[in-house]
Amino acid sequence: MPSREYGTLKKNIGSLRGQFLNFQRRLDGRYSVHELTQCRAFITFCHAEVEIYLESIASKIVNSAEKHWRQHGRVTNAVAAMLAYRSQKQPTLPENPTEQSSKSKFETLVYNAISAQRSVIKGNHGIKPKNISDLYLPIGMAPNQFDEALLIQLKNLGERRGDHVHQNSQVSLPKVRDPFSDELQDIEFLVREIEAFDLLASGLK
């Protein structure tokens, strides 16, 4: 069953379509400047919704893993991955095990790794494959769990969003493809691909 976060993503994308693509499809492809500007806004806000979704799911997994650690004192796959990817340095072992410093204790290393991953999620800006690596490999998702079609669509949307927010309208508007048969269709395909990802991510602990 898809997560609540996925349901929110799908709902918000639908709302954005109604708000910004509220004009008729032109079979001749001749859209006004205003309509192309609306489509540009649609792309940009859809990117933001996907980014929020990806960060929310990653945070949810981190929170669940930390809760399990606090309640049971056992390392889940997500915690183990955070220790592997986010530990700052190898701890120093004392001559006497009873004299280990608090900074080197296992529980401290666990919380530091969790905190480091939270900082990465909070500081994330983007949805390209590198962002996905930073968000999800350190919480236990395996490389073979990432669908290539999803990564391509995320990369494409990330690049299109960059074209629109980092260039003026004279440069960016001509890059807007057909709002319905191209831009909207790609967004809808991406949302469908995310649903499969959502089911996999929901199993991470």
Checking [X] now: which residues fulfil side-chain hydrogen bond (donor to acceptor under 3.5 Å, both in side chains) with it, not counting sequence neighbours?
X: Y31; result: D178
X: R161; result: none
X: K155; result: E159
X: Q145; result: none

Contacts of A116 meeting side-chain contact (heavy atoms from CB on, under 4.5 Å) (sequence neighbours excluded), chain-then-number -> R86, Q88

Under the rule for side-chain contact (heavy atoms from CB on, under 4.5 Å), what residues qualify as partners of D147, not counting sequence neighbours? A149, L150, E193

Residue list, salt bridge (Lys or Arg N to Asp or Glu O under 4.0 Å) with [X], at least two apart or on another chain:
X: E66; answer: R70, R118
X: E183; answer: R160, R177
X: R192; answer: none
X: K130; answer: D134

Side chains of residues 14-21: which donor-acceptor pairs under 3.5 Å do they make with residues two or more places apart or in other chains?
unit_1 : atom_1 : unit_2 : atom_2 : d
S15    : OG     : K11    : O      : 3.2
R17    : NH1    : E188   : OE2    : 3.3

Is the number of heavy atoms from other residues, nucleotides or ligands within 6.0 Å of NZ (K67) greater than 12? no

Residues, nucleotides or ligands: over 12 heavy atoms within 6.0 Å of F45 CZ: no

What pairs of residues pass the side-chain hydrogen bond (donor to acceptor under 3.5 Å, both in side chains) test when at least one of them lies in residues 36-47, not counting sequence neighbours? R40-S172

